[in-house]
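Notes for the one structure printed next.
The chain is numbered in sequence order, starting from 1. This one's a predicted model, so the numbers in the text were calculated from it and none came from an experiment.
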Amino acid sequence: MLDAETAQDVESGNEKVMGIDTGTYLDDVELAKSLLENANQNGGKLSNADIVFSLRNFLKMKYYPVAVKYFFSKDELEDFKKNVDYKVAFRPYTFCHFIASSRQRGEVLLGTQDKSGCTNAKFVMGWKELDDGEIKSHLKYTKNWEQAERFVKTKKRLSGELLAFATAPLHKAPYEPDLIHGMSDVLQAYHLGNDWCAANDKHPFNMVMTMNSSVCHGCVQCHVTKEPNITPMCSSSKTAGKTEQGEINWIWPGDQIEPTVHWMLERIVRDGGVSFPRTGETYPGFDICKLCSFIVFKKPKEEKA
């Protein structure tokens, strides 16, 4: 992202300090071009750091997208334990807490069955079977016991014996993620969904909401179906997941986030910005009366001599 004119080498002892081309960072099109050039030099694909940088700078996402991995292989899990600097839970926490810690504190975490404190998450991850407690936890949403049981049985569940799961900020993930969990406002998720549709030539974008377990089940559903999803928070993730500002979940298969963001960058180069507010065509406050020409700015008339 630095060019010969703006990147000046400053000799400081034996070290070279590179200047930052802030002009590029403030120009959406030039920044997108630079990131696409990074991809060209990386086998045609954006790095995870480029993806995170793009989401935070163009869509203005506040949080790190979280890379989630499910461990079904003992060898793979042991390799993770031996080679990764990670943390474990001090006591049992919800799956939402693991996601939140990686999302906001940037931590690489390993979760195991004994350190998972949410029965809803344990059910969808295959760490417990359907029981009365699981049905009872859905009664507050449903008409009766029979309906609650039937609704719970529609949820996706992981197949196979899950040994553990890991969460990490995408740019720090020491593994290929099974899926990416993100949290944003609705308009940010809307643009991400649009870009997925265009990148994959698929439409419409199907959004699935379930009663309860929107984060833990949302991740399981994404892993099982290999389809992205945008879904609101459940009441548990609203409280346990610390989503005080009414954010929404977006959950992408691990191998589908790069094509989505790659197209977003190409679109920025083509259109001049990531969205209408960023290009300045329709900014907040512009629409007074269905985009009538009430608000007009023009150059001042030259005064006659």
Report task. Identify whether the distance between the nearest side-chain nitrogen and carboxylate oxygen of Lys74 and Glu161 falls below 4.0 Å. Result -> no
Query raised in the report: Under 4.0 Å between a Lys/Arg side-chain N and an Asp/Glu carboxylate O for Lys122 and Glu134?
Result: no
**Report entry** Backbone N/O of Phe151 and side chain of Thr154: donor-acceptor pair under 3.5 Å
**Finding:** yes
Query raised in the report: Would you say the side-chain atoms of Asp50 pair up with the backbone N or O of Leu46, donor to acceptor, closer than 3.5 Å?
Result: no
**Report entry** Residue from Phe71, Phe98, Phe72 passing ring pair (Phe, Tyr, Trp, His ring centres under 6.0 Å) with Phe165
**Finding:** Phe98
Query raised in the report: Side-chain donor-acceptor pair under 3.5 Å between Ser235 and Tyr141, yes or no?
Result: yes
Query - Single-linkage hydrophobic cluster Val215~Met61, side-chain heavy atoms < 4.5 angstrom - result: no
Query - Tyr25 versus Glu30, side-chain donor and acceptor atoms under 3.5 Å - result: no
Query raised in the report: Will you find, in the side chains of Lys62 and Gln245, an N or O donor that is under 3.5 Å from an N or O acceptor?
Result: yes
**Report entry** Side chain proximity check, Asp85 to Val108, heavy atoms < 4.5 angstrom
**Finding:** no
Query raised in the report: Is Arg270 salt-bridged to Glu266, cutoff N-O under 4.0 Å?
Result: no
Query raised in the report: Under the salt bridge (Lys or Arg N to Asp or Glu O under 4.0 Å) criterion, do Glu37 and Lys33 qualify, and how do the steps go?
Result: CA-CA 6 Å; Glu37 181 57 31; Lys33 287 179 179 178; over 6 Å; no
Query raised in the report: Quick one: does Asn42's side chain have a donor or acceptor within less than 3.5 Å of a partner on Asn38's backbone?
Result: no
Query raised in the report: If only atom types and distance count, is the side chain of Asn229 paired as donor or acceptor with the main-chain N or O of Thr231 below 3.5 Å?
Result: no
Query raised in the report: Going by atom types alone, do Lys155 and His138 pair a side-chain donor with an acceptor below 3.5 Å?
Result: yes
Query - Short side-chain to backbone donor-acceptor contact, Arg103 and Pro65, under 3.5 Å - result: no
Report task. Would you indicate whether Lys140, at its atom NZ, is surrounded by more than 12 heavy atoms from other residues, nucleotides or ligands within a distance under 6.0 Å? Result -> yes
Query raised in the report: Does His97 use its side chain to pair, donor to acceptor, with the backbone of Thr94 at less than 3.5 Å?
Result: yes
Requested in this report: Output the distance between atom OG (Ser54) and atom CE (Met264), rounded to the nearest 0.5 Å.
Outcome: 5.0 Å
Query raised in the report: Is there side-chain contact between Glu107 and Lys172, with at least one heavy-atom pair below 4.5 Å?
Result: no
Query raised in the report: Would Glu176 and Lys69 pass as an ion pair if we require N to O under 4.0 Å?
Result: no
Query raised in the report: Is the backbone N or O of Thr112 less than 3.5 Å from a side-chain atom of Ser116, with the two atoms forming a donor-acceptor pair by type?
Result: yes
Query - Asp27 (side chain) donor-acceptor with Val29 (main chain) under 3.5 angstrom - result: yes
Query raised in the report: Can you say whether the rings of His171 and Tyr64 are parallel (under 30°), tilted (30 to 60°) or perpendicular (over 60°)?
Result: tilted
Report summary line: When rounded to the nearest 0.5 Å, the distance separating CH2 of Trp252 from CD of Glu258 is 14.0 Å
Query raised in the report: Is there a donor in the side chain of Ser73 and an acceptor in the side chain of Asp75, or the other way round, less than 3.5 Å apart?
Result: no
Query raised in the report: Do the side-chain N and O atoms of His181 and Asn249 include a donor-acceptor pair separated by under 3.5 angstrom?
Result: yes
